[in-house]
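I have placed the structure first, in the form of structure tokens, so that the comments after it can refer back to it.
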There are 2 protein chains.
Amino acid sequence: MNNAEINNWQAVRSEVLSRIQNRQWKPGDLIPNEADLALEFGCARATVNRALQALAENGLLDRRRKAGTRVALHPVRKATLHIPIIRHEIEDRKQAYSYALISSKLDKPPPDIRAQMGLRATVECMQLLALHLADSRPYAYEDRWLNVEAVPAASKVDFEINNANEWLVMNAPFTAGDITLSAKQANAPEAKILRTTIGQALFVMDRNTRNVDVAITSVKLTFAPGYQLQTTI
Amino acid sequence: MNNAEINNWQAVRSEVLSRIQNRQWKPGDLIPNEADLALEFGCARATVNRALQALAENGLLDRRRKAGTRVALHPVRKATLHIPIIRHEIEDRKQAYSYALISSKLDKPPPDIRAQMGLRATVECMQLLALHLADSRPYAYEDRWLNVEAVPAASKVDFEINNANEWLVMNAPFTAGDITLSAKQANAPEAKILRTTIGQALFVMDRNTRNVDVAITSVKLTFAPGYQLQTTI
DNA sequence: CAGTGGTCTAGACCACAAG
DNA sequence: TTGTGGTCTAGACCACTGG
């Protein structure tokens, strides 16, 4: 018998969760159906449904109509990665953020970028190179291609003043994106810009964002040595 | 007038989403309250609630009692990172997976690992070094510390045969974990094991998992050059 | 076919926090 | 104080899919 009543969906969720963690219900096991659990917990089926859906979203349960609800065979393999706005990431550490535009031009993107963005060969984009600094030390180097056809307002913006990422966040909504994380050795220009030595291991984040099907921007962020990206399961 | 009826929560979600994407509702804007939207869409308030909660979970809306619902100022900054089981990651690419245990011993973990795991100084852990291979080529080097107090059954397992990660997934549930991603240059032993050269940039994933408050395992995966981690917003 | 989860509804009450 | 979201309930019907 439990002392605490199980009369809200979060209580149901933690009860079910603890049964999974206790291994009272093991990976692969079929658990009772919603109606039975509602009866047991003394609440409505909708409440049980809410709790089980939350657990299924977190990857702890597998649910299928008619087949019932099972404890997931391979529990929680999802982590939520918070994509930081670099300014915030730096300011959260009580460091001073600054931003410097290195160059800005209109040009046809190279084939690899064009392929990533899914653009026609003739499309011109704006290329922005910029440096983000923390306490006046190089933090990340930004190499961005911006589809001006998709975001015409961008051509009127002065990116000397406006941080491109922050401007886009406010002015160019996107619906989808993909991110690739990797490591690379610093080449000569990277080493110079980031004030490090050639060959250093750098953390790289490539990000492509789209609005419905049209590419907005493709950005490569190359971080100064020592950068870590943290996340929680 | 819309042709399609908005009578389920997913329809409400996409309608609201498209108003955000249209910039009919801009970042920072207050949107109508649930009751009004329910009236407009011709559905129950609970249905609207479901839709708006889903959007809020995705970071597109900020909701506060009494203050109402606003379009998020900094939309979608969350990506879901799927933590792969290395075997699956390799087999999905139609490569042959193999696994080799390099060494296994019982020892007190070094202070940095102990701190990460939050263990007392006297606790002994099992250290496992292993190599994951794809098509017989080194793929990732695994350096794992396993809290045998938390998972006593582990001491009886033969990790020559059983891949530690897969065994733990099936036998040691965890409730929380944190992940750190970084880049480093290969040192001599890493270069040797991964069959690469000293100084190469390697992608590193450090993962700590706990069951409630007790540390289960701390694992460092060092990937062979060229590794990329992909994810979607 | 029939059992399971998925969802809607109308109404109700509660918890929180802005003014 | 009071408007807002958060949640519960009971009952209903639907959608999917296993056997």
Side-chain angles (χ1 to χ4, degrees), chain A residues 2-20 25-75, chain B residues 2-17 19-20 25-75 78:
Chain A
N2 294 309
N3 296 328
E5 286 180 43
I6 301 183
N7 51 7
N8 59 43
W9 71 269
Q10 295 144 27
V12 173
R13 184 183 54 186
S14 34
E15 175 59 23
V16 171
L17 187 59
S18 74
R19 290 188 188 181
I20 294 174
W25 292 338
K26 302 186 192 63
D29 281 4
L30 193 61
I31 77 173
N33 68 33
E34 294 186 350
D36 289 348
L37 287 174
L39 212 59
E40 184 193 345
F41 295 144
C43 65
R45 179 167 81 93
T47 305
V48 173
N49 181 281
R50 185 104 160 80
L52 298 190
Q53 283 203 13
L55 290 167
E57 239 176 52
N58 282 332
L60 279 107
L61 294 176
D62 281 335
R63 321 191 72 203
R64 265 160 41 229
R65 283 160 153 137
K66 166 78 181 180
T69 299
R70 291 175 182 280
V71 179
L73 237 19
H74 299 300
Chain B
N2 293 307
N3 296 328
E5 287 181 43
I6 301 183
N7 52 8
N8 59 43
W9 72 268
Q10 293 138 15
V12 173
R13 184 183 53 185
S14 33
E15 176 59 25
V16 171
L17 188 59
R19 290 187 188 183
I20 294 173
W25 292 336
K26 302 185 191 64
D29 282 3
L30 193 62
I31 77 174
N33 68 32
E34 295 186 351
D36 289 347
L37 287 174
L39 213 58
E40 183 192 345
F41 295 144
C43 65
R45 180 166 79 94
T47 305
V48 173
N49 180 281
R50 186 98 158 82
L52 299 189
Q53 282 202 12
L55 290 167
E57 240 175 52
N58 282 333
L60 279 107
L61 294 176
D62 281 336
R63 320 191 73 204
R64 265 159 42 228
R65 282 159 154 138
K66 166 79 181 177
T69 298
R70 290 175 181 281
V71 179
L73 237 19
H74 300 298
K78 288 185 266 186

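Only a predicted model underlies this, so the values are computations on that prediction, with no experimental measurement involved. Chain identifiers are assigned alphabetically (A, B, ...) following the order of the sequence lines, protein sequences preceding nucleic acid strands; residue numbering begins at 1 within each chain. When reading the values below, keep in mind they use all heavy atoms of this one structure, side chains included, and skip hydrogens, waters and symmetry mates.
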Scan nucleotides 8-16 of chain D nucleotide by nucleotide, 5' to 3', and note B when protein non-hydrogen atoms come under 4.0 Å of the base, S if they reach only the sugar-phosphate, - if neither.
SB--B--BB

Do you know which two heavy atoms are closest between [X] and [Y], and how far apart they sit?
| X | Y | result |
| --- | --- | --- |
| A/P32 | A/W25 | CD-CZ2, 3.6 Å |
| B/A72 | B/G59 | CB-O, 3.3 Å |
| B/L60 | B/L17 | CD2-CD1, 3.7 Å |
| A/A51 | A/W9 | CB-O, 3.3 Å |
| A/R70 | A/G28 | NH1-O, 2.8 Å |
| B/T69 | B/R63 | OG1-NE, 3.2 Å |

OP1 or OP2 of [N] less than 4.0 angstrom from a side-chain nitrogen or oxygen of [X], does that happen here?
| X | N | result |
| --- | --- | --- |
| B/R64 | D/dG5 | no |
| B/T69 | D/dG5 | yes |
| A/N49 | C/dG5 | no |
| B/Q53 | D/dG5 | no |

Contacts table for residues 37-48 of chain A: side-chain donor-acceptor under 3.5 angstrom, sequence neighbours left out:
residue	atom	partner	partner atom	Å
A/E40	OE2	A/R19	NH1	3.4
A/E40	OE2	A/R19	NH2	2.7
A/R45	NH1	A/E34	OE1	2.6

Gap between atoms [atom1] and [atom2], on [X] and [N] respectively (whole Å):
| X | N | atom1 | atom2 | answer |
| --- | --- | --- | --- | --- |
| A/E57 | C/dG6 | CD | C1' | 13 Å |
| B/R63 | C/dA15 | CZ | P | 18 Å |
| A/D62 | D/dT17 | CG | P | 14 Å |

Is it true that a side-chain atom of A/D29 and a backbone atom of A/I31 form a donor plus acceptor pair closer than 3.5 Å?
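Side chain of A/D29 to backbone of A/I31, a donor-acceptor pair under 3.5 Å: no, none is there.
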
Of all of residues 27-37 of chain B, which get a heavy atom below 4.0 angstrom from DNA chain D, listed by number?
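Going residue by residue through residues 27-37 of chain B, the ones with a heavy atom under 4.0 Å of DNA chain D turn out to be B/N33, B/E34.
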
